[in-house]
Structures are given as structure tokens and as C-alpha cells.
Chemist: 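Sharing a structure below in C-alpha cells format, with a few things to ask.
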Protein chains: 2
Amino acid sequence: MKVDTKTIILDTAERLFADSGFIATSLRDITSKANVNLAAVNYHFGTKEALLAAVMERRFRPINDARLQLLDELEASTNNKTITLEGLLKAFLIPPFHQQREWGEPGKKFLKLAGHIHGENNEEIRLLLLKQFVTVLERFTKAFHHVLPHLEPSEINRRMAFLIGAMAFAMMNAEQITASDSKDSQQPEQLLTSLIKFCVGGMTGSDSAPTSSSAVLNGVHK
Amino acid sequence: MKVDTKTIILDTAERLFADSGFIATSLRDITSKANVNLAAVNYHFGTKEALLAAVMERRFRPINDARLQLLDELEASTNNKTITLEGLLKAFLIPPFHQQREWGEPGKKFLKLAGHIHGENNEEIRLLLLKQFVTVLERFTKAFHHVLPHLEPSEINRRMAFLIGAMAFAMMNAEQITASDSKDSQQPEQLLTSLIKFCVGGMTGSDSAPTSSSAVLNGVHK
DNA sequence: GTCTATATGCGGATAGAC
DNA sequence: GTCTATCCGCATATAGAC
């Protein structure tokens, strides 16, 4: 059962990037743990950053394809008039977590990596993510406007940022969160279900919360 | 108006750590932009990591003190029986954003840094954050259990992770989010208000979302 | 495609003069 | 407290033999 050197490098890089971060992981770490030669990375991928791009593309493409397909089906089946917020959020949130289960342990590692990359502050890495993400983001932003027509565009943008933040943290911590429970079989599904609930509630928004800045301390200060 | 070298280093490190990340920022970057000697960091702080600890402690201490004080007042004024979810979330979320306004531009940078550190995967940096955070986390976890008694402990833990994720993203992106709007005066308050709304809705949780794993695709697949 | 050897530069930290 | 000079290791990337 001979495996491609390129694939071994991808798998090992995915795991180490997830556990230690992109910058803190050296090519020496990767090649030594993958049992390949140091020069192999540059031969097969060119640069360290191109290796990260390959790692990301391999997993993000099917995830984002699934997101777009689910959104297509959703819009087609409802004629774009009765899409529910919950259905929309599921189309966005389910693919990464279901792909994780299909991919097993490497999927867990990639999810952790993906979560961290969503909060990356290196400009080039952000661009790598955006390149994978821009179509999904545009399509879902439009859909959120349809589903939540009473919210201003700037409010939609803020809530989508919170949504992505909650999702990213769920991805990053999926290992610990699902490991701290007692039962072991249903935990990933529990995490996803809880996340969907949280985001449905959050995007819906409680109108009991104050909107004026002067009232923001009500209930806190005497 | 002579300023302490130590303070200049703290201010500069805070800004550069926020903009480029801890690992990617070298001591040479910091000392050159701060116009101090390279050896000054090691003289005043010992190591690069100790410098980060000092940066974090300077801002996190007043923020977390304010959180605990607000929680104290909340529990005292209501005799620990009628605390609202909204009041609890405000006690947790308001201090970092209000301190940011008091601190001006450095406050913005620290908020960005704090957001990134919440999603850090370096073990030592996580421990630095935890050290600042553990008391706050314990107190608020207990309070959330009181306010949401119908939720299992594991469900509380998951939702708190989502809450912190949404907050961290709001912190990280406060600059961009508040800059993409048209009005300029009320934006930080708008971001905070939206975040509180989102989290109130999220922690409350919609019971319309499915809880069984087999039903998770309802409304998405035909 | 795979290997060794190396070019080249930056990193944190410190010694010791002032 | 501040400076210069330097130690020493690790980083990415490449040249060139096999």
C-alpha cells in the first residue's frame, strides 16, 4: 500500500499546522515526521506557503462545494421565497462538520486548522482563505438579506462576523469540547446541533436587548 | 513629557503583536519602532514571552476586575435570584469594549490582540491567557448555570465556547467592522450592542432547532 | 524523484563597556 | 539604564550529484 510522497506531506503538514500553527511549524518538522527528505517540500510544492495553500484547497473545495450545492437545492426547492433561517444556517454549518466525520482523524485536524485560519492575522494567509471563501460568502450574504429583510446590511455583516466567530471556535475546539463529555458516540453531532441552535438564536436576535448606546448599561449598573 | 522606556516598549509591543501576531513580531521590530535599544527588552522584561505577559496583564487586569465587579453588583442587587441572561452577558461583554474607548487607539490594538489570543494554539500563550481568565471563567460559568438551569452542564460549556468565539471575532475585527459603516461616531457602541443581542439570542437557544442527529439535515435535503 | 550539502539570513538572548 | 558586538541556533530555499 504505497502512498504518494506528495500526499504524505499534505497529511503531515495538515496535522502539524493544526497542532502548532503555520509559522511555528518548520519544514524540518514536517519532513522529519513524514519520513521524507527536507527538499521534497520545495520540489513538490515550491514554498511553505504554497504547501499551506494546497492543504487548504484539498479540504475547503469539497466543503464549500457542498455548501453551495445545499444552498442551490434550498433555493430551488422553495423557489427562493420561503427559505428558513435554520435551513440557511444548516447549509453553511453542516458541510465542514460532516466532512470531518467522513475524513476521520485528518478531518479533525483540518477542522482545527480551519478554525485557526479564520482568525489568522497574517495578510497572505487571510488572502488564501478568502480565495477559497469569497463565492460562498457572497452567496450566503445575499441569502441572509433575503431571510432577514428587517435587518440593515451593516447589522447583517456584524452578525455574520459573530456567526463565523462562533463557528471558528467550534472548529478549533471540537477536539476538546467533544472529549470533555461523558458519552463518546454522539458528541460531534451534539456540537454541531448546539452550534446551529446558538446561531439560529443569535441571527434571529432578541428585540428585548437595547439598541441605544445610553441604555447599554441597563441592568448592570445600579 | 518624558515617558518611561518600559512603557514605550509595552505600547509598541502591544501594537505590533496585534497587527502581526506574537511569533511574527521580532524583538528587533519592536525596539526599532520604539526607538530603544535591542537589549532593553531583555533588560526590562527578561524574555519575549514575559513581555507578552506584561502586555496582557496591563489591560486584562482592569477588564477582568470590572467584569467581576459588575457581576458582584448584579448578584448583590438581585439577591442572586433574578439575574437576567442579558445582565449577565453585559457584565461579561461590556468591560473590554468600554475600556477600549477609554484607552483610545492603544485600546483598539489591545482588543485586536486579545481577540487573536483567545484563538491562540500555542500552549504557553494559552496558559498566559488562562491565568488572567480563570477566575472570571469560573464565576461566570456558575452564573450561567443559575440563569439557564434547564441546560445541561455540557451544553452550557458549548454555548460559552460559541459566546467567546463570537466575542473574540468582534474584538479582532472591531477595526474593520466599525470602519466599514457609514456613520463614524456610534460604531463601537453599535458593534457591542449587536454582539450582546446576538449572544442573548444564542444563549437562549431556539427550541425549534432539532436535537436528534438524524434530523439535522431536515430543511436542507429534499 | 530523491538525496547531501550549503547558501543566506533572521531569530532570541547575553557579555561587557560606558 | 543604555549601548555595541556577538554567540549560536534555526529558518527557508536551492544547487547539484545520484
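Lettering of chains follows the sequences in order, A, B, ..., and the numbering in each one begins at 1. Side chains are part of it too, since the values below use all heavy atoms of this structure and drop only hydrogens, waters and symmetry mates.
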Chemist: Does B:T31 use its side chain to pair, donor to acceptor, with the backbone of B:L27 at less than 3.5 Å?
Modeler: yes
Chemist: Applying a 4.0 Å non-hydrogen cut-off, can you work out what B:A39 is touching in the nucleic acid: base, sugar-phosphate, or nothing?
Modeler: base
Chemist: Output the single nucleotide from C:dT2, D:dA13, C:dA13 whose closest atom is nearest the side chain of A:Y43.
Modeler: C:dT2
Chemist: If we ignore angles and hydrogens, is there a donor and acceptor under 3.5 Å between the side chains of A:E189 and A:H98?
Modeler: yes
Chemist: Provide, to the nearest angstrom, the distance between the CG atom belonging to B:N42 and the P atom belonging to D:dT4.
Modeler: 15 Å
Chemist: With rounding to the nearest 0.5 angstrom, report the CE to CG distance, A:M171 to A:L195.
Modeler: 8.5 Å
Chemist: Please pick, from D:dA13, C:dT2, C:dA13, the nucleotide with the shortest atom-to-atom distance to any side-chain atom of A:T5.
Modeler: C:dT2
Chemist: Might you work through the side chain to side chain contact (heavy atoms under 4.5 Å, CB included) test for B:V36 and B:Y43, ending with a clear yes or no?
Modeler: CA-CA 12 Å; B:V36 300; B:Y43 176 78; over 6 Å; no
Chemist: Could you check B:L88, B:I94, B:L93 and say which one makes a side chain to side chain contact (heavy atoms under 4.5 Å, CB included) with B:K90?
Modeler: B:I94
Chemist: How close or far is atom C1' of C:dA13 from atom CZ of B:F45, stated in whole angstroms?
Modeler: 16 Å
Chemist: Could you tell me whether a side-chain N or O of B:K48 sits under 3.5 Å from a main-chain N or O of B:F22, the two making a donor and an acceptor?
Modeler: yes
Chemist: Taking CG from A:L38 and C1' from C:dA7, how many angstroms apart are they, rounded to a whole number?
Modeler: 13 Å
Chemist: For B:E49 and C:dG11, give me the distance from atom CD to atom P, rounded to whole Å.
Modeler: 18 Å
Chemist: Within residues 9-37 of chain B, which residues have any heavy atom lying less than 4.0 Å from an atom of DNA chain D?
Modeler: B:N37
